[in-house]
Protein chains: 2
Amino acid sequence: MTERAADGTGVRGRRKRPTMLDVAREAGVALRTVSRVVNEDPTVGSHLVSRVQAAISALDYVPDERARQLRRGVTGTIGAAVRNLTDAHPVLGAIDHNAREAGLTVLAMSTEDEEAREREVVTSMCRRRVDGIIIEPISSNHQYLSAEVESGLPVVAVDRPLSGLEADTVLSDNAAGIGTAFRHLVLHGHRRIAYIGDHERIFTGRERAAAFRACVAAHGGPLDGMVHPGAVEPDRVVAALQTALGGPEPATALIAGNAATSIEVLRHLGAEAGRLAIVGFDDFLLADILRPALTVIAQDDAAIGRTAIELLLARGADPTHPVRTVTLPVTLVPRGSGELPPA
Amino acid sequence: MTERAADGTGVRGRRKRPTMLDVAREAGVALRTVSRVVNEDPTVGSHLVSRVQAAISALDYVPDERARQLRRGVTGTIGAAVRNLTDAHPVLGAIDHNAREAGLTVLAMSTEDEEAREREVVTSMCRRRVDGIIIEPISSNHQYLSAEVESGLPVVAVDRPLSGLEADTVLSDNAAGIGTAFRHLVLHGHRRIAYIGDHERIFTGRERAAAFRACVAAHGGPLDGMVHPGAVEPDRVVAALQTALGGPEPATALIAGNAATSIEVLRHLGAEAGRLAIVGFDDFLLADILRPALTVIAQDDAAIGRTAIELLLARGADPTHPVRTVTLPVTLVPRGSGELPPA
DNA sequence: TCCTCTCTAGACAACGTTATCTTACGCAAC
DNA sequence: GTTGCGTAAGATAACGTTGTCTAGAGAGGA
């Protein structure tokens, strides 16, 4: 039983929200006039403007975005389906920043790296009629999006392409990154270089492993026991590390295919980390504090987010434009671990 | 000029979305029947159900959440106004997780640690008629929310209380955390312990600095040049560190008041970190990989997120319930840096 | 047989806005 | 004095749903 004052003030309780009609009555004007004032339409006389504004603050009126969007058709909102909301996500930050600059609100939802969740959140975004979707793809099949895309929903894939569907895409230059890392290690005297990275089922894992093999082929080092794509789990990484470092001709340098792998490797090596030259793909917070600090191939997160928004807006402006894939350069950040000489 | 096929297929272009009415016509039933099928109302005959479902997939119909929400009144969405979307945010992850379990969608927006942005994003959430707001407060004054709160919007503050407004709140036990850290260092033989942390303008900075002073008073160590609240900027932190470590009786141990401070301290100390016992408030990814690994006071992020959602739901269910503040315990995680003996 | 009751499905209004059309008014020009 | 025009403000419809009410069909009991 909710006790409340006659005017609804003082005691918490769901008082019905005032609508434009209430404001109109309070101000003694027509509903439409309130709408004009709220939308800063210049055709309202200054006398009425102030009366309406007074009524708005008297009633604590807040316009209903849902009704407005319904009526106007567009939402001014874009969806961002990212892997998770828990860990650091510089690209999401950049997306948010650039979207705001463009006057758009970002609805960020987490796919939790699960196909089913990805589909769920994307569907949820479509039901909310977002004006576009930026997605870090997880699913192996994005056919479920094709109807939306064909009916004009701008969709931009980030970090990996969509499968079974053409869409604008922003990628990092994985091959160049691996190449840069490899040459950097060669330059520092290494010939036996190992690679541990993501499963080749995953796009980036596939690209990076392939690029690594190509580098070995080009530079003529050993390949046997040196390439370890697979799940990024402690046990698997440790086993791969042992294979690479064991035997008569152990690796003297390592390329870690992503941040999680770098971290697992460092966690396992502990104080021994100084004996193995390491370049990690992907930068992460604190990589510069480790000892030795981790040399990394850094993606340009800000540029990725910016480009994603640009592609989204371009697609919205011209739905017939041919699909584009933008590949952004990566940078080697030497910090110590990648400059160690062979043991 | 948008070229498109007569039926709108094949070429991208904003074809008008089908509505329930279109589906109804396609299926030869009434609009209301489509609505019932979409909402899985059991009072529709199975024959019609399948006909409607066929029409839905034939037309690629996706219900419009805005219209549904407008009509039904509730949105099934809660807003989360957090400091930023870029850095790791375990509490946001927990909020998202628990909200999902409760059948709610989270609209996460970033305040960027700016008062103006906080107000902007909160207002934007209100316009979207979220069913509740979880906020990491930044502003020094939250009066602007009072009308919303009084008219029944559930608002839960996390990590710090709102100012100028009563609301349910979830806090970590800052005083206990500082006390635990202090006693831990005392137990390991330290008597000259320093504190560097956030500005006392900020709630947690104030609480932690005060708790630290109380600890010193209780244990009888020196206070002069030992307490350094202030901005978390490299220069300020370095200066504080030099003050604490300089002089005839330098500190042998340090409590860092938050993660950012811990990181700045470690960044500055570099290889010297092993000479100073350190306990950091707030855990962070990779704190366990550093050498020495960082001993921390860890907040229970999962519990914070869970409690925030619980309070939000409780407030929604009973708007008249007295306001609650839940203070959650923190845990000391010994990893090495806090167990170093006095130099 | 008729009445009632239940169960399905349709008609219509309503949610809170904005777009479009219309009206009223004042003023200048003929 | 009438006409025309430009401008401010109101009336009405529409956006795409769901709540409520009602009609009609069929079942079951007296």
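Proteins come first, then strands; the chains are lettered A, B, ... in the order of their sequence lines, and each starts at number 1. Only a predicted model underlies this, so the values are computations on that prediction, with no experimental measurement involved.
Note on A:Thr33: a side-chain N or O is less than 4.0 Å away from OP1 or OP2 of D:dG10.
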Quiz item: What is the per-nucleotide protein-contact pattern of nucleotides 16-25 of chain C, from the 5' end, where B denotes a base atom under 4.0 Å from a protein heavy atom, S denotes such proximity for sugar-phosphate atoms only, and - denotes neither?
Solution: BBBBB-----
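When each of A:Thr169, A:Val323, A:Val156 is checked for a side chain to side chain contact (heavy atoms under 4.5 Å, CB included) with A:Leu311, only A:Val156 meets the rule.
One atom, CG of B:Asp41, and another, P of C:dA9, lie 10 Å apart when rounded to the nearest Å.
Although no hydrogens or angles enter the test, the distance criterion places a donor-acceptor pair under 3.5 Å between the side chain of A:His89 and the main chain of A:Leu92.
Checked for salt-bridge contact, A:Arg100 and B:Glu120 miss the test: no charged N lies under 4.0 Å from a carboxylate O.
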Show the atom names and distances, to 0.1 Å, of all donor-acceptor pairs under 3.5 Å that link a side chain in residues 47-54 of chain A to residues at least two apart or in another chain.
residue: A:Ser50; atom: OG; partner: A:Ser46; partner atom: O; Å: 3.2
residue: A:Ser50; atom: OG; partner: A:His47; partner atom: O; Å: 2.9
residue: A:Arg51; atom: NE; partner: A:Ala27; partner atom: O; Å: 3.1
residue: A:Arg51; atom: NH2; partner: A:Ala27; partner atom: O; Å: 2.9
residue: A:Arg51; atom: NH2; partner: A:Gly28; partner atom: O; Å: 3.3

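Residues meeting the salt bridge (Lys or Arg N to Asp or Glu O under 4.0 Å) test with A:Arg119, sequence neighbours left out: none.
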